[in-house]
Peer 1: 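Questions regarding the structure given below will be posed in turn.
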Amino acid sequence: MKKISGVIFDMDGLLLDTEAIYCEYNIKYAKKWGLTGYDEHAYREEIGLGEKAVYEKYFNDYSELPREAIENFFNETRGAIQKEFDRDGAPLKPGVVELINYLKENKIPIAVASSNNRVAVDNLLTKAGILKEFDAVVSGDDVTHAKPHPEIVEKAVAALGTKSEETLMLEDALNGVRAAYAASVPVIMVPDILPPDDEVREKAYAIEPDLFAVKEFIKTR
């Protein structure tokens with residue numbers, strides 16, 4: 001990758017340390033509503049999926065349960081998480097501010113491409129004090145197909161007005177890596193909960209330990 005003309009950020013697990021919070025609440029309410037066996041491994045299978053896809057996954061994985069139980073689990077977890085985020089927001093991942101400042105100083109446009117819904121994206125990024133820094137935001141509400149489909153990445157590239165091969169995607173999970181790869185956009189994985197597997201090593205342009213390392217990677221281009 002000789003030139004970087006734009007950078008796209010995932011949000012959950014990449015910009016914000018939210019995945020552990022989602023996981024904690026899901027496990028808590030899974031027990032209440034009878035989703036037997038739901039654990040951290042089950043949560044990991046959801047990472048990077050859009051809300052609609054996750055909702056459908058619950059019905060498929062727990063087809064023996066009444067529909068009402070799945071709906072109550074889904075609604076109660078989302079409601080509890082939303083209350084916490086409305087009250088406290090979510091902490092920034094290490095290196096976010098430094099990387100964004102570097103990109104702004106060098107006039108490299110940046111976007112967010114998150115499978116989360118637009119209200120959640122705007123709320124969390126506003127509370128974190130960084131929403132205004134982005135030139136474009138694409139959420140799960142703006143696309144028909146969630147990651148790993150490339151639609152959200154393609155829309156983010158179009159919003160930035162950059163060439164795919166000169167746009168860098170930053171992701172923390174396999175589905176995001178898949179989406180960028182399918183969109184022919186070079187992607188760096190910065191692992192959060194999920195470690196890189198063989199597919200990530202094949203499809204990612206690079207794997208970096210944190211956003212400080214991503215900043216140094218970009219500086220060499």
Peer 1: Looking only at heavy atoms, which two atoms of L65 and G34 are closest? And how far apart?
Peer 2: CD1-O, 3.5 Å
Peer 1: Determine the minimum heavy-atom distance between T144 and E151, stating which atoms define it.
Peer 2: N-OE1, 2.9 Å
Peer 1: CG of D135 to CD1 of I8: how many Å apart, nearest 0.5 Å?
Peer 2: 11.5 Å
Peer 1: Show me the donor-acceptor pairs within less than 3.5 Å that the side chains of residues 16-23 make with the rest of the protein, sequence neighbours left out.
Peer 2:
unit_1: T18; atom_1: OG1; unit_2: D12; atom_2: OD1; d: 2.6
unit_1: E19; atom_1: OE1; unit_2: Y43; atom_2: OH; d: 2.3
unit_1: Y22; atom_1: OH; unit_2: D12; atom_2: OD1; d: 3.2
unit_1: Y22; atom_1: OH; unit_2: N116; atom_2: ND2; d: 2.9

Peer 1: Any side-chain to backbone donor/acceptor pair from K104 onto E133? Under 3.5 Å, distance only.
Peer 2: yes
Peer 1: Is any side-chain heavy atom of L99 closer than 4.5 Å to a side-chain heavy atom of I218?
Peer 2: yes
Peer 1: Can L92 be reached from F85 by stepping across I, L, V, M, F, W or Y side chains whose heavy atoms are under 4.5 Å apart?
Peer 2: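 Same cluster.
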Peer 1: Any sub-3.5 Å donor-acceptor pair from E98's side-chain atoms to F212's backbone N or O?
Peer 2: no
Peer 1: Counting only heavy atoms not in E68 (residues, nucleotides, ligands), do more than 12 fall under 6.0 Å from its CD?
Peer 2: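 Open.
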Peer 1: Any chain of hydrophobic side-chain contacts (each under 4.5 Å) joining V214 to I4?
Peer 2: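 Yes; tracing contacts between hydrophobic side chains, which count when under 4.5 Å, links both residues.
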Peer 1: Salt bridge between K93 and D172, side-chain N to carboxylate O under 4.0 Å?
Peer 2: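 Salt bridge absent between K93 and D172.
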Peer 1: Side-chain heavy atoms under 4.5 angstrom apart, residues restricted to Ile, Leu, Val, Met, Phe, Trp, Tyr: same cluster for L103 and V97?
Peer 2: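 Per the 4.5 Å side-chain linkage, L103 and V97 are co-clustered.
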Peer 1: Would you call the rings of Y29 and Y25 parallel, tilted or perpendicular if under 30° counts as parallel and over 60° as perpendicular?
Peer 2: parallel
Peer 1: Can you check side chain to side chain donor-acceptor pair (under 3.5 Å) on Y58 and E46, steps first, answer last?
Peer 2: CA-CA 10 Å; Y58 292 146; E46 301 173 18; 3.0 Å; yes
Peer 1: Between N75 and R78, is any side-chain donor less than 3.5 angstrom from a side-chain acceptor?
Peer 2: no
Peer 1: Nearest 0.5 Å, what's the CG-CZ distance between N72 and R67?
Peer 2: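 So the CG of N72 and the CZ of R67 are separated by 12.0 Å.
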Peer 1: Quick check for you: to the nearest 0.5 Å, what is the distance between R44 atom CZ and D39 atom CG?
Peer 2: 9.5 Å
Peer 1: Can you find a pair of side-chain heavy atoms, one from R178 and one from K203, that are under 4.5 Å apart?
Peer 2: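 Sidechains of K203 and R178: in contact.
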Peer 1: Taking atom NZ as the centre, does K52 end up with more than 12 heavy-atom neighbours from other residues, nucleotides or ligands that are less than 6.0 angstrom away?
Peer 2: no
Peer 1: Counting N and O atoms only, with roles assigned by atom type, does the side chain of K155 sit under 3.5 Å from a partner on the main chain of D142, one being a donor and the other an acceptor?
Peer 2: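 At least one qualifying donor-acceptor pair exists.
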Peer 1: If every non-hydrogen atom of A204 is compared with every non-hydrogen atom of V177, which pair is closest and at what distance?
Peer 2: N-CG1, 4.2 Å
Peer 1: Going through the checks in order, is the salt bridge (charged side-chain N to carboxylate O under 4.0 Å, His left out) test met by K28 and E24?
Peer 2: CA-CA 6 Å; K28 174 182 176 180; E24 177 186 349; over 6 Å; no
Peer 1: State, to 0.1 Å, how close K147 and S114 come at their nearest heavy-atom pair, and which atoms those are.
Peer 2: NZ-CA, 4.4 Å
Peer 1: Less than 4.5 Å apart, any side-chain heavy atom of E71 and any of Y55?
Peer 2: yes
Peer 1: Return yes if some donor-acceptor pair links the side-chain N/O of N123 with the main-chain N/O of V119 below 3.5 Å, else return no.
Peer 2: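 Side chain of N123 to backbone of V119: no pair is present.
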Peer 1: Could you measure the distance from the OG1 atom of T77 to the CD1 atom of I27? Nearest 0.5 Å is fine.
Peer 2: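 These two atoms lie 12.0 Å from each other.
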Peer 1: Out of curiosity, M189 CE to D10 CG, how far, rounded to the nearest 0.5 Å?
Peer 2: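 Those atoms lie 10.5 Å apart.
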Peer 1: Looking at every heavy atom in both E154 and A183, which two are closest together, and how far apart are they?
Peer 2: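 Nearest pair, atom of E154 first, then A183: CG-CB, 3.9 Å.
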Peer 1: Output yes when a side-chain donor or acceptor of R201 lies under 3.5 Å from a complementary backbone atom of P196, and no otherwise.
Peer 2: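 Judged by distance alone, yes, a pair lies under 3.5 Å.
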Peer 1: Should Y62 and F73 be marked as a ring-ring contact (aromatic ring centres under 6.0 Å, His included) after you check the CA-CA gap, both sets of side-chain angles, and the distance that decides it?
Peer 2: CA-CA 12 Å; Y62 300 95; F73 163 71; 7.8 Å; no
Peer 1: What I want to find out is whether K57 reaches E45 closely enough, with some N-O distance under 4.0 Å, to be called a salt bridge.
Peer 2: yes
Peer 1: Do the side chains of Y181 and F9 join up, straight or via other hydrophobic residues, at under 4.5 Å, putting them in one cluster?
Peer 2: no
Peer 1: For residues 158-169, run the donor-acceptor check on the side chains, cut-off 3.5 Å, and write out each pair with its distance to 0.1 Å, sequence neighbours left out.
Peer 2:
unit_1: T162; atom_1: OG1; unit_2: T167; atom_2: OG1; d: 2.7
unit_1: E166; atom_1: OE1; unit_2: S5; atom_2: OG; d: 2.7
unit_1: T167; atom_1: OG1; unit_2: K163; atom_2: O; d: 2.7

Peer 1: Taking the side chain as every heavy atom from C-beta outward, state whether L170 and L211 have any atom pair closer than 4.5 Å.
Peer 2: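 When only atoms from C-beta onward are counted, L211 and L170 do touch, with a gap below 4.5 Å.
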Peer 1: On a heavy-atom basis, which atom in L15 and which in V96 lie closest, and how many Å separate them?
Peer 2: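 L15 and V96 have their closest heavy atoms at O-CG2, 3.4 Å.
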Peer 1: Hey, could you give me the CD1/CZ distance between I188 and F217, rounded to the nearest 0.5 Å?
Peer 2: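 CZ of F217 is found 4.0 Å from CD1 of I188.
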Peer 1: Please answer: with hydrophobic residues joined when any side-chain heavy atoms are less than 4.5 Å apart, are L131 and L124 in the same cluster?
Peer 2: yes
Peer 1: Does a donor on one side chain sit under 3.5 Å from an acceptor on the other, for E105 and N101?
Peer 2: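 There is no such pair (donor and acceptor under 3.5 Å, judged by atom type) between the side chains of E105 and N101.
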Peer 1: Under the 3.5 angstrom rule, does the side chain of R221 hit a backbone N or O of M1 as a donor-acceptor pair?
Peer 2: yes
Peer 1: Check for a donor-acceptor pair, side chain of D197 on one end and backbone N or O of E199 on the other, with a separation under 3.5 Å.
Peer 2: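 Here the side-chain-to-backbone pair exists.
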Peer 1: Could you tell me whether the side chain of V190 reaches within less than 4.5 Å of the side chain of L14, counting heavy atoms only?
Peer 2: yes
Peer 1: Can you check whether D88's main-chain N or O pairs, donor with acceptor, with K127's side chain at less than 3.5 Å?
Peer 2: no
